[in-house]
Amino acid sequence: MARVRSASRWRWIHPSYYLKRPKRLALLFIAFVLVSFGFWDRQTLVREHEEEVSMLNSKLSELRSQVRELKAYLGDVGEDIVGNLSKSSEKITIPDDPIDVERREKVKEAMLHAWNSYVKYAWGQDELQPQTRNGVNSFGGLGATLVDSLDTLHIMGLHDEFQKAREWVANSLNFNKDYEASVFETTIRVVGGLLSAYDLSGDKIFLEKAQDIADRLLPAWDTPSGIPYNVINLAHGNAHNFGWTGVERVITQIQKTYPSDGLLPIFINSHSGTPSYRSTITFGAMGDSGYFLMLSMYRGHCDLSDMILQAATDLKELLCCSFYEYLLKVWVQGNKTESVKHYREMWETSMQGLLSLVRKTTPSSFTYICEKNGDSLSDKMDELACFVPGMLALGSFGYSPENAEKFMSLAKELAWTCYNFYQSTPTKLAGENYFFNSGEDMSVGTSWNILRPETVESLMYLWRFTGNKTYQEWGWNIFQAFEKNSRIDSGYVGLKDVNTGAKDNKMQTFFLAETLKYLYLLFSPPSVISFDEWVFNTEAHPLRIVPRNGKTVAEADTKLKPKPPSRFLGRKQGHE
């Protein structure tokens with residue numbers, strides 16, 4: 001009898017019970033559906049809540065950044081005025097620092113001198129040779145200096161010069177050339193320059209030209225691993241039947257063999273995607289093994305080809321100096337959302353690896369970054385590695401307070417070393433690289449200077465994040481050294497030897513694109529090309545950040561047009 005009652009008690013779990021009672025089966029099914037819907041609705045609410053919290057945290061970070069910029073601009077009175085802003089609804093107009101205004105105008109005059117010399121002696125050609133007063137086509141005749149200078153002209157308010165350059169781009173810039181182009185250099189200078197000019201001006205001619213050259217470069221990424229080739233023929237490279245699968249697969253390939261210390265060598269095999277660990281690990285020359293991310297810049301430019309849009313599925317308009325800075329800036333460019341979180345994580349891993357390369361000199365305790373070959377370290381640092389202080393300053397605000405302070409402190413120490421690269425020579429201009437020996441601090445190795453921007457780039461970042469005007473003073477001293485040693489009647493030249501001051505015969509395109517731009521921004525209010533709205537590529541071309549909702553520019557507002565930078569309160573591999 002007991003067994004019968006027990007069997008009766010559990011009969012509802014047996015399938016045959018419901019097969020004989022279809023109404024109860026239907027009720028059970030309905031109950032199951034309702035419970036399922038309730039569960040997934042709950043999951044959706046949780047997910048939406050997490051996304052909203054993430055968005056609010058990002059907004060809070062943005063507001064904190066704006067407060068830092070405001071305090072940096074206001075200087076000593078910043079705390080009082082910022083505190084009073086909440087007590088008054090009146091619009092406060094803050095005068096520009098007269099010294100900053102004067103220095104900014106001096107930098108603008110230097111840009112005009114460099115630009116007018118190019119116009120007079122090398123118009124439409126790639127580079128000016130100031131000593132012999134002629135132009136050379138060292139980049140295949142793509143007007144490299146002109147295209148590289150577009151956004152600098154716009155930012156400095158040199159509108160007549162910008163318009164003249166725009167007409168040349170519209171009527172004379174032609175990419176159908178039988179020329180073996182460097183994928184890296186053409187992307188950072190030409191593609192980056194054109195897209196930045198579009199983002200600043202809204203002029204579609206720059207977008208159309210960017211699409212043309214980008215389509216010619218994209219086949220370089222069609223390799224078994226997705227790691228691109230270095231060189232492509234602009235006229236014939238797109239004749240091959242390549243199958244494009246997107247830039248994101250490149251970072252996936254790298255992740256497969258990503259080292260525990262996050263430090264990659266300078267060479268990666270395009271076929272296997274495997275890093276060559278017998279090659280050098282460096283943050284300086286040839287350390288741009290991350291340039292495969294360069295063509296991930298197009299997602300927000302809705303009129304580019306479907307191929308380019310596919311290439312940017314998970315990234316966006318990002319070009320920056322070295323693989324390591326790519327990782328950080330993709331995260332920034334993607335608004336620090338979950339979809340780009342893995343870039344930040346990889347960057348933090350690499351920064352732990354960087355710490356293993358940091359050493360100090362004697363007797364002056366200059367902090368420097370070693371190069372690594374296998375298991376051995378070389379006490380050598382390139383001036384090119386002086387982008388690192390700016391990168392660390394930019395990335396420090398994604399850390400906990402303790403780690404943020406640690407990396408910001410390292411940024412400041414490295415910036416002091418880089419400034420002394422300049423101060424340690426008779427001309428007060430830095431050599432190409434430096435060696436560090438016990439008891440001797442630093443000694444210049446390769447002694448030329450080719451007008452590089454990396455140190456002033458980092459000074460600009462540190463000034464914006466700290467408000468310390470010392471970084472402005474250092475930048476001014478460097479600018480004066482360029483004026484004294486590199487300026488001649490027909491432009492600016494590099495030095496063959498920073499000890500003797502002997503001059504070379506080339507005005508590098510990046511002097512106009514980067515060095516003078518960063519110096520100009522160093523003496524401008526932080527709202528001019530704000531870090532909340534823009535991210536710089538490796539050639540200092542500012543590109544707009546994805547809108548806050550995580551959508552592309554096209555998705556967020558099809559009517560959205562690029563605007564000029566708002567006013568206040570309103571590394572690459574070695575260049576040859």
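Being a predicted model, the structure only gives us computed values, none of them experimental. For reference, positions follow the sequence shown, starting with 1.
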Counting only heavy atoms not in K484, do more than 12 sit closer than 6.0 Å to its NZ atom?
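At most 12 heavy atoms, drawn from other residues, nucleotides or ligands, come within 6.0 Å of this atom.
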Count the heavy atoms of every other residue, nucleotide or ligand shown that sit under 6.0 Å from CG of N176, and state whether that count exceeds 12.
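Atom CG in N176 is packed in, count exceeds 12.
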Give, for atom [atom1] of [X] and atom [atom2] of [Y], the distance between the pair rounded to the nearest 0.5 Å.
X	Y	atom1	atom2	value
L234	T186	CG	OG1	6.0 Å
K120	L128	NZ	CG	11.5 Å
L384	N433	CG	CG	9.5 Å
E514	M460	CD	CE	11.0 Å
L495	S486	CG	OG	4.5 Å
H154	M156	NE2	CE	13.5 Å

Contact check, side chains of [X] and [Y], non-hydrogen atoms, under 4.5 Å:
X	Y	result
N477	K428	no
S149	M111	yes
R216	D212	yes
E371	L377	no
D379	N437	no
F435	E440	no
F397	F465	yes
L194	V147	yes

Mind running side-chain contact (heavy atoms from CB on, under 4.5 Å) on W476 and D100 for me, showing each step along the way?
CA-CA 10 Å; W476 181 246; D100 286 349; over 6 Å; no
Ring pair (Phe, Tyr, Trp, His ring centres under 6.0 Å) partners of Y399, counting only residues at least two apart:
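W347, F407.
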Applying ring pair (Phe, Tyr, Trp, His ring centres under 6.0 Å), can you list everything that pairs with Y368, at least two apart in sequence or on another chain?
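Partners of Y368 by the ring pair (Phe, Tyr, Trp, His ring centres under 6.0 Å) criterion, ordered by chain and then number, come out as F436.
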Under a 4.0 Å threshold between the charged nitrogen and the carboxylate oxygen, would K380 count as salt-bridged to D382?
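Salt bridge flag = yes for K380 with D382.
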Run the salt-bridge test on E473 and R103 with the 4.0 Å N-O cut-off and return the result as yes or no.
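Salt bridge present between E473 and R103.
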Verdict with supporting geometry, E102 and F523, side-chain contact (heavy atoms from CB on, under 4.5 Å):
CA-CA 9 Å; E102 180 182 358; F523 304 114; over 6 Å; no
Atom of [X], atom of [Y] and distance for their closest heavy-atom approach:
X	Y	result
A110	E483	CB-OE2, 3.8 Å
T417	T367	OG1-O, 2.5 Å
I488	H113	O-NE2, 2.8 Å
A540	A513	CB-O, 3.5 Å
T455	C418	OG1-CB, 3.7 Å
A430	N449	O-ND2, 2.8 Å

For E167 and Q163, does a side-chain donor sit closer than 3.5 Å to a side-chain acceptor?
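Distance-only check passes for E167 and Q163.
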Quiz question: by atom type and distance under 3.5 Å, do the side chains of N499 and T427 form a donor-acceptor pair?
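Absent: no donor and acceptor within the cut-off.
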Are the side chain of [X] and the backbone N or O of [Y] linked by a donor-acceptor pair below 3.5 Å?
X	Y	answer
T152	L512	yes
T509	T145	no
Y471	R464	no
N505	Q131	yes
N485	G501	no
S396	A393	yes

Taking the six-membered ring for Trp and the full ring for Phe, Tyr or His, determine whether the centres of F139 and Y179 are under 6.0 Å apart.
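Here the rings of Y179 and F139 have centres that are no less than 6.0 Å from each other.
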Under 6.0 Å between the ring centres of F536 and Y518?
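Between F536 and Y518, the centre distance is under 6.0 Å.
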Stepwise, does the side chain to side chain donor-acceptor pair (under 3.5 Å) test hold for E161 with W115?
CA-CA 8 Å; E161 290 76 9; W115 174 256; 5.6 Å; no
Looking at K506, Q129, E127, which one forms a side-chain hydrogen bond (donor to acceptor under 3.5 Å, both in side chains) with S138?
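So the option named by the test is E127.
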Applying ring-ring contact (aromatic ring centres under 6.0 Å, His included) between F206 and each of W168, F162, Y198, report the one that passes.
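Checked W168, F162, Y198 against F206; only one passes ring-ring contact (aromatic ring centres under 6.0 Å, His included): F162.
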For D504, which of I450, L451, D497 qualifies under side-chain contact (heavy atoms from CB on, under 4.5 Å)?
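The side-chain contact (heavy atoms from CB on, under 4.5 Å) with D504 is passed solely by I450 among I450, L451, D497.
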Show your reasoning for whether salt bridge (Lys or Arg N to Asp or Glu O under 4.0 Å) applies to K496 and E432.
CA-CA 10 Å; K496 295 179 181 178; E432 183 74 356; over 6 Å; no
Run the side-chain contact (heavy atoms from CB on, under 4.5 Å) check on H541 and L195 step by step: do they pass?
CA-CA 8 Å; H541 296 308; L195 285 182; over 6 Å; no
Which of parallel (below 30°), tilted (30 to 60°) and perpendicular (above 60°) describes W474 and W416?
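Rings of W474 and W416: tilted, 30 to 60°.
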Checking Q508 against R452 for the side-chain contact (heavy atoms from CB on, under 4.5 Å) test, could you report, in this order, the C-alpha distance in whole Å, the side-chain angles of both residues, the deciding distance, and whether it holds?
CA-CA 9 Å; Q508 302 280 352; R452 288 199 186 279; over 6 Å; no
